[in-house]
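Labels below follow one simple rule: chain letters A, B, ... track the order of the sequence lines, proteins then strands, and each chain is numbered from 1.
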Amino acid sequence: MSEEFDYIVTGAGSAGCVVASRLSESGKYRVLLLEAGPPDTNPWIHIPLGFARTYVDPKVNWKFETEPQPQLNNRKLYLPRGKTLGGSSSINGMVYIRGNHLDYDEWRQRGCEGWDWDSVLPYFRKAENQARGEDEFHGVGGPLHVSDQPGKFELTEAALAACEQAGIQRNPDFNGAQQEGCGYYQTTTSRRRRWSTAKAYLDPARVRPNLKIQTGAHATKVVIENNRAVGVEFQVEDGRRTATARREVVVSGGAYGSPQLLLLSGVGPGEHLREMGIDVVRDAPAVGANLHDHFNTNLSWRCAKAITLNDLENSWPRKISAAIQYVLFRSGPMASNGIHAGLFTRSDARLERPDLQINIFEWSTLERSAVRVKPHPFPGFTLMPVHLRPEGRGSVRLKTPNPLAPPAVLFDYLRTEYDVGALLAAIQLCRKIAAQPALRPYVMDEILPGEKVMSDDDMVDYVRRTGVSNQHPTSSCSMGHGPNTVVDPRLRVHGIDGLRVADASIMPVVVGGNTNAPTIMIGEKCASMMLDDAL
Amino acid sequence: MEEFDFIVTGAGSAGCVLANRLSESGKYRVLLLEAGGKDSSFWIHVPMGYAKTFVDPKVNWMFESEPEARLNNRTMYQPRGKVLGGTSSINGMIYMRGHAADYDQWRQLGNEGWDYESVLPYFRKAEDNERGESEFHGAGGPLRVSNQPYEWEIGKALLEACKQAGIPETPDFNGARQEGCGYYQTTTNRKRRWSTAAAYLNPARQRPNLKIEIHAYATKVLIENGSAVGVEYQTPAGKRTARARGEVVVSGGAFGSPHLLQLSGIGPAEHLHDMGVDVVHELPGVGSNLQDHFNTFCTYEISRNLSLNSLQYSFANRMVAGARYVLFRNGPMTGNGLYVGALVRTDQRFERPDLQMNISAWSTIERTRKGIISHPHPGISISPVHLRPEARGTVRLGSADPFAPPKIHFDFMRSDYDMQVMLYGIRLARQIVRQQAMQKLLVRETSPGITVRTDEEMIADTRERGISNLHPVGTCGMGQGPMAVVDPRLRVHGLAKLRVVDASIMPMIIAGNTNAPTIMIAEKASDMILKDAVAA
C-alpha cells in the first residue's frame, strides 16, 4: 500500500523547498517532499567560505559531468549540483541577483503570461527578508534573508575604485532600479551563515504534521495513468517505494534532474525514449532540449599583498586564526563567500541590457575541478567574466534507462561569433580594470591567461581551453506555448494532468544574473498558482 | 538522371528569388520545381482578381486547417498559391516589412546576421520603389513597389477618420517609423500584380542554366550519408529524380516546407514512425512553432456606391469596371480594395505595434473555400489583425502519401492577451467609423453589429468569425539548439547541403504582411548560398 498525499514534490532544492513549504502552510494539504541527498548537517554547508569544500564533496554533491564539448577542445566540464536539503542553494556562491527587469519582460514577450517584471516582482518581494529594509523593489519579513557583505575588503575596494576609473558607474543595488554598474553583492546569508532554502523555507515548516520530508529518496519515475500524474516512484536505501498524489506532482530536480525524471517517466522525445527502452507516455520533443547556461573564463593576477584568501588556504596559522575569528565573532574571511563584488556591463553599447557579469574574487585558483579547489601558493585575485546571454542550446538526455545513473549533459558553448566576441570584449575590459591606478599597488604579473595571450586568436584559444560552465544551467523544460516548449505559463506539463515543473529548467531563456534568486521566485509563484488552482 | 548545382523546390515568394539569383552568374545550373502551372490566368495579374484566385483550385492549394478548439471548432481555410510566383501571385499585394525591432528580436533569439541593420540591405536590394531611393528604400531592384494607383474618396475619408481618432499619420510604414496610419504601398507595376514570378523569373527564364519545371510536385528530398543529394518529384509523365551536386533548397512555404521535410524522413521521429515514414534524421522542431496573424472583421454599410462590393452584386458595374481596366487601366479593378491601414499598440507600454487595422473599401460576409461573398450593398470593412499572437501550432503529415495535404493546427486565441488585442481592435474600429469624416457615409455596422457590446459578446463573436490572416510562418524555425530546424545560414541542423528558405524559417512572426520579408529572406539566402559555394 503506498502512502497518499495531496502533493508530492521531487527535489528539495532552491525551488522544491519553497513549493513544499508554501503548499503545506495552510495545513489543508498533505505534502511529501523527496530529496535524494542527506539532511544538510555537514558544517561546511553553513559556513559561507565552506563552499570550496562542498564544491567537490560527493556526500552532498551530484558531481555531474558534461559530455565532451566539441567547441571546448572536447573537454568534459565539471558540474557540481547540491544533493542535500536546500539543493544547490546549500552549496552555491550565495550571490543574490535577480537578473534584469527586461529579462522577465522577454519571457512575457515569448508568450509567458504572468511572467513580466511587474508580475514577478511581488514574488521576489514575498520571498525576501532584506537586511536594508523594505522599498519599492525589496521585501522584508519573507523567509529568505538577504544581507550585505560583512564588511569592506581592502582589495575589493581597490578593484571597485578601478572599475570606476575604467568608466563603470557604481551601483548600490543590482536588484533595484538599474542592474548595470559595479558594486558589492548582497548574499543569501543571515548573521554570517549560509541561508539556503532549507534554512529559509524548510526549517520553519518541519514541525508541520502535514509535511513529510524524506531524505535519501531518489525519485525514479513519475507514475502517469491515463495522462494524469498519480504518484512518484522513488528509491530509498532498502528498495523502491511508491507514493500516491491525489492532486499534483511537482518535479523540481533542476535543469539536469527535472528533464531526466520526465524522460525516465516516458515524457520526452519518443525516439530517444524508445532507444532507451522506455515506454512512451507522451512524445514531448522539447523535454531536455533548449539547455543553456552562463559561460565564463578567468583572469588572475598575482597580488602584491598577502591579503587574499589564497593566503588563508596556504598558511596554517592564518587558517586557525580565521576559524577562531569565525567561531567566536562570526567575522574574518570565513564569514564571507569570497565573491564580494562584481559588475554588470554591456559588451556592445548598442545592446539594451547588460550581457556581461564580471565577478571579483579575492582568490585565484590553480585548480578548480571535480577533485579539488586549490588556490595558487601565493597571493592572488581573479576577475571572472561571465557571458550572460550565450546563444548555443544544448540538451539533457538519458545515458541508460537506469534511473540512478547520471544524465548525459551536452552544452553548446561558444556556438556563435557573438558568444566568442562577448568574452573577448570582457577580457579586454578585465585587463583595462586591472591596469587602473587604484589597483596598481596590488597588481603584480598577470598569471592567467598571461601576457603572452594577446591576440584575438590566442584569447579565443585560451577560452576554449579553460572556459567553464558558470553553473547556472536553465531551460531544459522551458515554458511557453506549443510543442517546442514543455510547460505552459502555469508550469503545467503540456498534455499531462496533475504534473508541473518548478525550478530553473522552466526559464524560457536564462536571466542575466545568478540563478538562485529567480529559482526561488519561480517556486513562490508556482506554489501560489497551485493554491489558486486548488480552490 | 539530370544533374544540377542547385535544386529549389517551390517557385513562390522565395523560390523565384533564389532561382534568379543562383542562376545569375551563369556558373551554376539551377532547377526550379513548381507543383502548379504557369501564371497565365488573367485574374492573377489584375489586382482585383484576388477574389477569383482566392478559391481557384487551378492556382491554389486550398488547404484547410484542423478544427480550432477555441474557435468553436471551425476550420481555417488556407489559400496558398500553386502557380509560378506562389502566394505572391494570389495575395493582397501589400508591401510591408514589419517593425525594425522584429528583426532585432530575431537576432536576440540567437540569429546572427538577422538584426534590422543586417537585413535592410536585402530589402533594398530587392526593391524598385516608385518613390525612389532613400535610406530605407531601394531603386532598380526587381520588385516594383508602387503607390496606390487611384485615389478613392472612401479611402481618403477613412484615413481622415483614423487621424480624427487620434492615430498619427505615417508617410511610410516601411520607413523610419512603422506606427501610425496611411496608405499602403503595393507590389504592383503599372497597375498589374508584380509577383516574384514577374519580378524575378521573367527576366531569368531565357538563361540556359536555369530550368523551370512546372507541374513538378516535390515528393522527397534524397539524403545520402547525411547529405542532401537530390529531389524526387512527380510530373504528369511520372516520377522523376534530379541530382544536386551543390545544394537542395526547400522553399515550399510554412506548410509545404515542413511537409516535404517530414515526407523525406526529417522531423519528429515519433510522428514519422506513426506515419510509417522512415526516420532519416530526427529533428523534432520540424513543423512545430507555427504562427500566424489572426483577424476578425468589422463591417459597415455606407450610404454611397463607393465600394468594391458592387463589382460582385451588380453585373453592370462589373462590366463598366472591366472595360475601364482593359481600355484605360483605371477604375476599381486596379486596386485590391485594401488602401488604408494603421499600425497601433494596444497598450502604451509596448515598444512596438501589435495591431494592424486593414481598412478596405470592400465588405464581405464570408471568406472561405466557397469564395468571398460581398455584402449586397455598398460597404467597407475594418479588420483588426493581431500581429503578435501567442499560440504555437503545428504542421504534421496526415498520411505518408505525399499528395495528401498536411495537417495544420493553429491554436488561435490561446492566451488572455490574444483576446485583449482583438477587443481593443474591435473598439478601435468602432471609434474610427464614428469620427466626423465618416459621419455622412456611415449607415450602420453590419458586423459584429451594435448588439455585440460587452467583452464577453465580442469574444464570442470573434471566436465565431475570426480567421487566419494567411501569414503562416515559423514551422522550420531558425535558431540554435535541438528545437530549431535551421541555423542562421538557413542550413538544416545536422544535415549537409540542405537549406530551407521561405517564411517557415522566421523564428518569430514579424508585425506586418509576410510577402516582402519572405523576399528579403530569399535575397539574403541567395547571397549566403553563393558565398558558401565559393568558399567550398
With only heavy atoms counted, which part of [X] is less than 4.5 Å from chain A, the side chain, the backbone, both or neither?
{"X": "B/T394", "result": "side chain"}
{"X": "B/H271", "result": "backbone"}
{"X": "B/E117", "result": "side chain"}
{"X": "B/L109", "result": "both"}
{"X": "B/D416", "result": "both"}

[X] portion near chain B, given a 4.5 angstrom heavy-atom threshold:
{"X": "A/R353", "answer": "side chain"}
{"X": "A/E417", "answer": "both"}
{"X": "A/R389", "answer": "neither"}
{"X": "A/D118", "answer": "side chain"}
{"X": "A/E352", "answer": "side chain"}
{"X": "A/V509", "answer": "neither"}

Interatomic spacing from CG in A/L102 to CD in B/Q108 - rounded to 0.5 Å: 9.0 Å

Atom pair CD (A/E113) and CG (B/D418), whose distance is rounded to the nearest 0.5 Å: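 If we round to the nearest 0.5 Å, A/E113:CD and B/D418:CG are 7.5 Å apart.
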
Donor + acceptor pair across side chains of A/E106, B/Q105 (<3.5 Å):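 Side chains of A/E106 and B/Q105: no pair found under 3.5 Å.
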
Distance-only side-chain donor-acceptor flag, B/Q480 / A/H292, under 3.5 Å: no

Options B/S415, B/A484, B/P284, ranked by heavy-atom pairs under 4.5 Å with chain A, top entry: B/S415

Exceeds 12 heavy-atom contacts within 6.0 angstrom, atom CG of B/N73: yes

Neighbour count above 12 (heavy atom, 6.0 Å) for A/N74 CG: yes

N-O pairing of A/E391 and B/R107 below 4.0 Å: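 Salt bridge flag = yes for B/R107 with A/E391.
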
Salt-bridge contact B/E390-A/R110 (side-chain N to carboxylate O under 4.0 Å): no

Ring pair (Phe, Tyr, Trp, His ring centres under 6.0 Å) involving B/Y103 - partner list, sequence neighbours excluded: B/W106, B/F123

Under 3.5 Å: donor-acceptor pair, side chain of B/E112, backbone of A/T416: no

Contact summary for A/A286 and B/M483, nearest pair of heavy atoms: CA-SD, 3.7 Å

Shortest non-hydrogen contact from A/R108 toward B/Y417: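 That would be NH2-CB, 3.2 Å.
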
Working for side chain to side chain contact (heavy atoms under 4.5 Å, CB included), residues B/M508 and A/Q109: CA-CA 10 Å; B/M508 193 81 110; A/Q109 284 175 1; 5.6 Å; no

Residues in residues 473-485 of chain A that sit under 4.5 Å from chain B, counting heavy atoms only: A/H481, A/G482, A/P483, A/N484

